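Only one structure is covered here, and it is reproduced in the block below.
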Amino acid sequence: MITIGIEGTAHSIGIGIVEDKDGSCKVLSNMIKTYRPEKGGIHPREAANHHVAHVADLINEALKTADISSQDIDLVAFSQGPGLGPCLRTAATAARALSLKLERPIIGVNHCVAHLEIGRGMIPDCTDPVLLYTSGANTQVIAFAEGKYRVFGETLDIGIGNCLDKFGRALGLPFPSGPKIEQYAKQGERYLELPYSVKGMDIAFSGLLTAALQYHTKHKRLEDICYSLQETAFAALTEITERAMAHTEKQQVLLGGGVAANQRLRDMVSLMAEDRGAEFFVPEKSVCVDNGAMIAWLGFIMYQSGVRMELKDTIINQRFRTDQVKVSWRD
Ligand code: AMP
Ligand code: MG
């Protein structure tokens with residue numbers, strides 16, 4: 001069965017085409033176009049206009065790369081939430097149009113759950129992980145427990161990627177700033193004290209961001225600030241992930257989201273896993289970032305488990321919570 005997935009929760013419009021190969025996910029194509037504001041953060045309407053401008057061409061490109069015709073598609077999936085309203089509506093509209101034109105079923109999926117399921121779908125040994133999902137807007141620790149994907153810990157304010165990007169923007173670094181901060185951090189020599197905000201199982205980043213910016217105002221070495229920012233934020237993320245693993249008694253940890261590209265974060269989480277005798281997984285980068293293949297894959301496994309949607313069920317949900325998803329495809 002061949003599924004096309006349309007991702008459009010925030011700055012990226014992604015089209016992925018996947019095929020089921022004996023229960024695991026084979027990606028036939030996975031194209032992404034990212035909206036980059038000239039200055040400032042993401043304006044939802046501008047990002048949505050960007051997606052409108054590119055979605056049709058991207059679908060054609062994805063079909064061409066996958067070397068299939070539109071008639072070969074069996075199912076259309078799209079990101080139903082959470083995310084920015086105008087962006088979600090654009091992806092949903094494209095998916096509805098495609099589903100009607102091709103006369104194929106449509107399924108709306110939860111973006112955060114897709115980040116986890118693509119890891120399970122593409123890494124054969126990764127069966128029941130705790131997911132540390134670190135992206136621009138989202139930061140959550142998610143695991144399957146008693147019939148649902150539950151959020152064991154999450155940010156109380158901004159996502160970790162947002163924290164890095166805001167810090168970078170204030171300093172005039174290009175967007176996204178995460179990779180640049182990682183480079184500076186490698187040259188860091190001195191740890192500067194920063195607020196470490198773990199609250200129960202949750203986490204907060206805005207105090208950390210303010211304090212890091214204050215060090216910049218005081219002309220502390222940029223490399224040392226970046227190093228300290230990473231060490232503090234990633235240690236806190238690792239701590240809440242470990243607590244979720246201990247609580248759920250799971251022996252696997254999976255990374256997802258754009259910040260999972262960061263080697264220092266990978267090293268910290270993998271060391272924690274090793275200490276616990278647990279397995280550490282990180283999918284390849286193209287399916288870690290926001291992408292259409294993960295949307296297609298989750299749509300497929302939902303469909304396969306019997307989920308069906310009418311057009312009236314495809315209304316977007318900006319605040320679609322991970323634990324609102326009825327999980328019918330595993331136990
Ligand atoms: P996503 O929202 O999942 O597409 O991820 C985008 C976020 O990942 C942005 O906030 C980037 O700054 C961040 N990011 C990308 N590469 C890295 C990296 N090497 N280190 C830290 N953050 C990164
Ligand atoms: Mg994401």
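The figures that follow rest on heavy atoms only: side chains count, while hydrogens, waters and symmetry mates do not. All figures in this text were calculated on a predicted structure; none of them were measured in a lab.
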Give a yes or no on whether the backbone of [Y] and the side-chain of [X] come within a donor-acceptor separation of less than 3.5 Å.
{"X": "Arg266", "Y": "Ala260", "answer": "yes"}
{"X": "Ser99", "Y": "Ala95", "answer": "no"}
{"X": "Thr217", "Y": "Leu213", "answer": "yes"}
{"X": "Asn291", "Y": "Val287", "answer": "yes"}
{"X": "Asn30", "Y": "Ala293", "answer": "yes"}
{"X": "Arg120", "Y": "Thr127", "answer": "yes"}
{"X": "Thr155", "Y": "Asp157", "answer": "yes"}
{"X": "Asn317", "Y": "Gly81", "answer": "no"}
{"X": "Tyr215", "Y": "Glu193", "answer": "yes"}
{"X": "Glu19", "Y": "Leu28", "answer": "no"}

* To do: Could you grab the distance from atom CZ of Phe234 to atom CG of Asp267, nearest 0.5 Å is fine?
  => 10.5 Å

* To do: Starting at OG of Ser79, measure out to CD1 of Ile6 and round the result to the nearest 0.5 Å.
  =>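 Here the rounded value is 8.5 Å.
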
Side chains of [X] and [Y] only: does a donor on one sit below 3.5 Å from an acceptor on the other?
{"X": "Ser12", "Y": "Glu7", "answer": "no"}
{"X": "Tyr149", "Y": "Arg321", "answer": "no"}
{"X": "Thr314", "Y": "Arg96", "answer": "yes"}
{"X": "Gln230", "Y": "Asn262", "answer": "yes"}

* To do: Could you label the plane-to-plane angle of the His115 and His111 rings as parallel, tilted or perpendicular, counting under 30° as parallel and over 60° as perpendicular?
  => perpendicular

* Give me the ring orientation class for Tyr227 and Tyr191: parallel if the planes are under 30° apart, tilted from 30 to 60°, perpendicular past 60°. =>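 Answer is perpendicular, since the angle exceeds 60°.
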
A quick test of your reading: do over 12 heavy atoms of other residues, nucleotides or ligands sit less than 6.0 Å from [atom1] of [X]?
{"X": "Glu310", "atom1": "CD", "value": "no"}
{"X": "Arg190", "atom1": "CZ", "value": "no"}
{"X": "Gln263", "atom1": "CD", "value": "yes"}

* To do: Measure from NZ or CZ of Arg243 to the centre of the six-membered ring of Phe152 and say whether it is under 6.0 Å with the direction within 45° of the ring axis.
  => no

* Lys/Arg cation over aromatic Tyr184: Lys180, 6.0 Å, 45° cone -> yes

* Is it the case that one hydrophobic cluster holds both Met268 and Val282, taking links as side-chain heavy atoms less than 4.5 Å apart, direct or via other members? ->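 Yes; tracing contacts between hydrophobic side chains, which count when under 4.5 Å, links both residues.
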
* Is Ile123 reachable from Ile295 through a run of I, L, V, M, F, W or Y residues, each pair having side-chain heavy atoms under 4.5 Å apart? -> yes

* Asked: Between Val130 and Val141, does a side-chain contact (heavy atoms from CB on, under 4.5 Å) hold up when you go through it step by step?
  -> CA-CA 7 Å; Val130 169; Val141 178; 3.5 Å; yes

* To do: Identify, with sequence neighbours excluded, every residue that meets ring pair (Phe, Tyr, Trp, His ring centres under 6.0 Å) alongside Phe300.
  => Trp297

[Y] side chain reached by [X] side chain, heavy atoms, under 4.5 Å:
{"X": "Leu156", "Y": "Ile203", "result": "no"}
{"X": "Phe281", "Y": "Asp125", "result": "yes"}
{"X": "Thr9", "Y": "Cys87", "result": "no"}

Side-chain ion pair, [X] and [Y], N-O less than 4.0 Å:
{"X": "Asp313", "Y": "Arg308", "value": "no"}
{"X": "Glu242", "Y": "Arg276", "value": "yes"}
{"X": "Lys250", "Y": "Asp128", "value": "yes"}
{"X": "Glu231", "Y": "Arg264", "value": "yes"}

* To do: For side-chain contact (heavy atoms from CB on, under 4.5 Å), just list the numbers for Thr232 and Leu208, CA-CA rounded to whole Å, side-chain angles, deciding distance to a tenth of an Å, and then say yes or no.
  => CA-CA 8 Å; Thr232 312; Leu208 176 68; 3.8 Å; yes

Table please: side-chain donor-acceptor pairs of residues 55-77 below 3.5 Å, with sequence neighbours left out.
residue : atom : partner : partner atom : Å
Thr65   : OG1  : Glu61   : O            : 2.9
Ser69   : OG   : Gln71   : N            : 3.1
Gln71   : OE1  : Arg104  : NH2          : 3.4
Asp72   : OD2  : Ser69   : N            : 2.9
Asp74   : OD2  : Ile2    : N            : 2.7

* To do: Could you give me the CA-CA distance, side-chain angles and deciding distance for Lys33 and His50, then say whether side-chain contact (heavy atoms from CB on, under 4.5 Å) is met?
  => CA-CA 9 Å; Lys33 261 214 150 28; His50 164 274; 4.1 Å; yes

